[in-house]
Amino acid sequence: MAAPDVSRAGEVRRRRLIAAAFLLPALVLLGALVVHPIGYSLYRSFFDRSGDTFVGGANYTEILRDDTIRTALRNTALWVVLAPTTATALGLIFAVLTERVRWGTAFKLLVFMPMAISMLAAGIIFRLVYDQDPDRGVANAVWVGVHDTFAESSAFPKARPGRDSPLVAVAGGAFETRDPVRAGTVVPVPLVGVAPDALPDGTRTAKAPAAEPGKVTGTVWQDFTRGGGGRTNTVDPTESALKGMRIEAIKDGRVVERTTARPDGTFTLSAKADGARLRLPASNFREAYSGVEWLGPTLVTPAVIGAYVWMWAGFAMVLIGAGLASVPRELLEAARVDGANEWQVFRRITVPLLAPVLAVVLVTLVINVMKIFDLVFVIAPGAVQDDANVLALQLYRTSFGTDADQGLGSAIAVLLLVLVLPVMLYNIRRMRREARR
């Protein structure tokens with residue numbers, strides 16, 4: 001009876017040796033590329049910048065004292081809260097809605113396409129998208145277009161009265177004539193400070209109008225002659241009109257009449273303007289709206305998170321869509337037959353059945369954003385990188401920047417590992433529970 005037992009033990013030993021032989025290369029690589037760097041980072045975190053002096057937990061204390069690192073911690077927490085939940089929510093919405101349209105496959109392809117782009121390329125794309133100049137940045141082009149639809153900017157933001165002008169500045173940024181105007185007279189309204197290439201389309205050479213009985217006439221023009229030689233407060237032959245300038249007649253604090261300058265700068269007011277002062281309202285001089293400073297200190301982190309969501313919403317959509325395909329349609333139909341509306345079906349049946357898939361997507365994205373680096377590094381300008389800072393970027397800057405401190409950088413790396421570990425352990429436990437089912 002001993003011979004079969006010996007033979008079986010030998011077979012088991014042989015199989016273990018074969019398994020070990022196959023696993024050895026992987027174990028060597030795992031030790032060299034994962035275990036050793038982690039162990040060395042932990043060891044290095046207890047030494048100073050040079051690596052020669054043992055400092056104990058001083059580097060970890062510095063993490064709590066350094067304002068830049070504390071900002072990185074706050075931003076990382078913001079990333080963990082906003083980015084995975086937003087990407088997962090959008091992926092869920094896209095996955096559910098695309099099941100109901102004929103062109104759903106094409107839409108899924110378009111949403112998933114950003115996943116084929118590297119983080120570096122996506123960062124360069126969104127650096128341009130968020131450009132402050134509306135002529136280059138798509139985000140500000142759209143924002144400025146919407147803004148100007150409701151509050152049009154002026155063509156004369158830099159215009160102002162010149163020397164010895166009949167106009168004076170009044171409250172609110174407007175300009176007004178010094179004296180009341182009279183019917184039957186011509187009122188000159190000279191301004192300077194408008195660049196020739198900023199004049200509205202259709203602008204002509206300024207013209208001095210004739211006086212009209214019972215009416216107030218005048219000209220609004222750019223009182224500047226190229227090359228010099230012009231006369232102040234006089235319409236010279238080569239001077240340009242200020243087409244579209246708004247003019248108001250103010251009497252007893254009320255606007256009694258309004259008009260707009262013609263392409264040649266002339267305007268006409270009725271007898272109502274007799275005895276009134278002419279005012280150029282502040283709306284003529286409103287600065288052009290330049291949009292939102294997406295990459296400024298306030299909005300840079302949400303802006304970069306938006307770029308991340310653009311890339312990863314497609315990943316969430318594909319995984320959730322795969323889970324949605326396995327949801328029993330009989331349950332959905334039964335709920336509808338029982339009188340549930342689409343929102344109730346979605347909230348009480350679809351989402352609970354998709355909970356395991358949603359957990360997979362959410363945990364994967366949380367781990368991903370904990371080590372986000374390239375998007376922040378590329379999109380955030382140097383002047384606001386401290387405001388957009390995250391732990392992975394701070395790890396790079398501390399370890400390899402101009403004032404490199406690899407002891408402190410190693411401590412940040414260990415902190416990042418400690419923060420990721422709970423999420424990884426949760427993921428492992430979840431996968432084991434799934435395997436036991």
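For clarity, every value in this text was computed on a predicted model and none was experimentally measured. The figures that follow rest on heavy atoms only: side chains count, while hydrogens, waters and symmetry mates do not.
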A.B. asks: Would a distance-only check, ignoring hydrogens and angles, find a side-chain to backbone donor-acceptor pair under 3.5 Å from Asp405 to Gly407?
C.D. replies: yes
A.B. asks: Taking CG in Asp201 as the centre, count heavy atoms belonging to other residues, nucleotides or ligands within less than 6.0 Å. Is the count above 12?
C.D. replies: no
A.B. asks: Is the shortest heavy-atom distance from the side chain of Leu120 to the side chain of Phe377 under 4.5 Å?
C.D. replies: no
A.B. asks: Taking the side chain as everything from C-beta on, heavy atoms only, tell me whether Pro190 gets closer than 4.5 Å to Pro166.
C.D. replies: yes
A.B. asks: So does Phe54 have more than 12 non-hydrogen atoms from other groups sitting under 6.0 Å from CZ?
C.D. replies: yes
A.B. asks: Start with the C-alpha distance between Asn75 and Val376, add both sets of side-chain angles, then the distance that settles side-chain contact (heavy atoms from CB on, under 4.5 Å), and finish with yes or no.
C.D. replies: CA-CA 11 Å; Asn75 286 341; Val376 181; over 6 Å; no
A.B. asks: Taking the side chain as every heavy atom from C-beta outward, state whether Ser410 and Asn59 have any pair of such atoms under 4.5 Å apart.
C.D. replies: no
A.B. asks: How are the rings of His36 and Tyr40 set to each other: parallel, tilted or perpendicular (split at 30° and 60°)?
C.D. replies: parallel
A.B. asks: Quick one: sort the Phe107 and Trp103 rings into parallel, tilted or perpendicular, breaks at 30° and 60°.
C.D. replies: perpendicular
A.B. asks: Distance check, rounded to the nearest 0.5 Å: Ile125 atom CD1 versus Ile117 atom CD1?
C.D. replies: 4.5 Å
A.B. asks: Which value, rounded to the nearest 0.5 Å, describes the distance between Asp374 atom CG and Leu393 atom CG?
C.D. replies: 10.0 Å
A.B. asks: Got a donor-acceptor contact below 3.5 angstrom from the Thr88 side chain to the Thr85 backbone?
C.D. replies: no
A.B. asks: Crowded around Arg178 CZ? As in, over 12 foreign heavy atoms under 6.0 Å?
C.D. replies: yes
A.B. asks: Kindly assign one of parallel, tilted or perpendicular to the pair Tyr60 and Phe46, based on the angle between their ring planes and the thresholds 30° and 60°.
C.D. replies: tilted
A.B. asks: Where do Met370 and Val80 land on the side-chain contact (heavy atoms from CB on, under 4.5 Å) test, with the steps shown first?
C.D. replies: CA-CA 7 Å; Met370 291 288 284; Val80 169; 3.3 Å; yes
A.B. asks: Give me the atom names and distance for the closest heavy-atom approach of Ile247 to Ala261.
C.D. replies: CD1-N, 3.9 Å
A.B. asks: Any sub-3.5 Å donor-acceptor pair from Ser240's side-chain atoms to Gln222's backbone N or O?
C.D. replies: no
A.B. asks: Nearest 0.5 Å, what's the CZ-CG distance between Arg262 and Leu242?
C.D. replies: 15.0 Å
A.B. asks: Please check if the number of heavy atoms outside Arg329 that lie under 6.0 Å from its CZ is greater than 12.
C.D. replies: yes
A.B. asks: Kindly compute the distance separating CG (Leu319) from CG (Leu92), expressed to the nearest 0.5 Å.
C.D. replies: 12.5 Å
A.B. asks: Tell me every residue that passes salt bridge (charged side-chain N to carboxylate O under 4.0 Å, His left out) with Arg14, counting only those two or more places apart in sequence or in another chain.
C.D. replies: Glu11
A.B. asks: Quick check on Arg136: does its CZ atom have over 12 non-hydrogen neighbours (other residues, nucleotides or ligands) under 6.0 Å away?
C.D. replies: no
A.B. asks: Within a radius of less than 6.0 Å around CZ of Arg65, do more than 12 heavy atoms belonging to other residues, nucleotides or ligands occur?
C.D. replies: yes
A.B. asks: Can you tell me if Asn233 uses its side chain to pair, donor with acceptor, with the backbone of Asp164 under 3.5 Å?
C.D. replies: yes
A.B. asks: Are any of the side-chain heavy atoms of Leu332 and Arg336 separated by less than 4.5 Å?
C.D. replies: yes
A.B. asks: Measuring only between side-chain heavy atoms, which start at C-beta, is Trp294 closer than 4.5 Å to Val129?
C.D. replies: no
A.B. asks: Side chain of Thr98, backbone of Ala95: donor and acceptor closer than 3.5 Å?
C.D. replies: yes
A.B. asks: Can a donor-acceptor pair be found between the side chains of Arg44 and Ser41 at a distance below 3.5 Å?
C.D. replies: no
A.B. asks: When you look at Asp223 and Leu191, which way does the side-chain contact (heavy atoms from CB on, under 4.5 Å) test go after all the steps?
C.D. replies: CA-CA 6 Å; Asp223 191 18; Leu191 294 169; over 6 Å; no
A.B. asks: Dump the intermediate steps for side-chain contact (heavy atoms from CB on, under 4.5 Å) on Thr350 and Leu324, then the final yes or no.
C.D. replies: CA-CA 8 Å; Thr350 304; Leu324 195 59; 3.6 Å; yes
A.B. asks: How far does OG1 of Thr86 sit from OH of Tyr308, to the nearest 0.5 angstrom?
C.D. replies: 11.0 Å
A.B. asks: Give the minimum heavy-atom separation between Gly265 and Ala241, together with the two atoms involved.
C.D. replies: N-CB, 3.2 Å
A.B. asks: Roughly how far, to the nearest 0.5 Å, is CZ of Phe267 from CE of Met245?
C.D. replies: 10.5 Å
A.B. asks: Could you check whether atom CH2 of Trp310 has more than 12 heavy atoms from other residues, nucleotides or ligands sitting under 6.0 Å from it?
C.D. replies: yes
A.B. asks: Can Glu239 and Thr225 be counted as having a side-chain donor-acceptor contact under 3.5 angstrom?
C.D. replies: yes
A.B. asks: Give the minimum heavy-atom separation between Arg127 and Ile379, together with the two atoms involved.
C.D. replies: CD-O, 3.1 Å
A.B. asks: Could you tell me whether Arg70 atom CZ has more than 12 heavy atoms of other residues or ligands within 6.0 Å of it?
C.D. replies: yes
A.B. asks: Assess the residue pair Arg49 and Glu62 against the criterion (salt bridge (charged side-chain N to carboxylate O under 4.0 Å, His left out)); give the C-alpha distance rounded to whole Å, side-chain angles, the decisive distance to 0.1 Å, and a yes or no.
C.D. replies: CA-CA 13 Å; Arg49 183 189 305 268; Glu62 180 64 21; over 6 Å; no
A.B. asks: Any non-hydrogen side-chain atom of Phe175 less than 4.5 Å from a side-chain atom of Arg279?
C.D. replies: no
A.B. asks: A side-chain contact here means heavy atoms from C-beta on lying under 4.5 Å apart; do Asp387 and Thr71 qualify?
C.D. replies: no
A.B. asks: Shortest non-hydrogen contact from Arg246 to Pro281?
C.D. replies: O-CD, 3.2 Å
A.B. asks: With a 4.5 Å limit on heavy-atom distance, are the side chains of Leu280 and Phe285 in contact?
C.D. replies: yes
A.B. asks: At their closest point, which heavy atom of Ala313 faces which heavy atom of Val111, and how far apart are they?
C.D. replies: C-CG1, 4.3 Å
A.B. asks: Is a donor on one side and an acceptor on the other found under 3.5 Å between the side chain of Asn341 and the backbone of Gln344?
C.D. replies: yes
A.B. asks: For Ala206 and Trp221, which heavy atoms make the closest approach, and how far apart are they?
C.D. replies: CB-CB, 3.5 Å
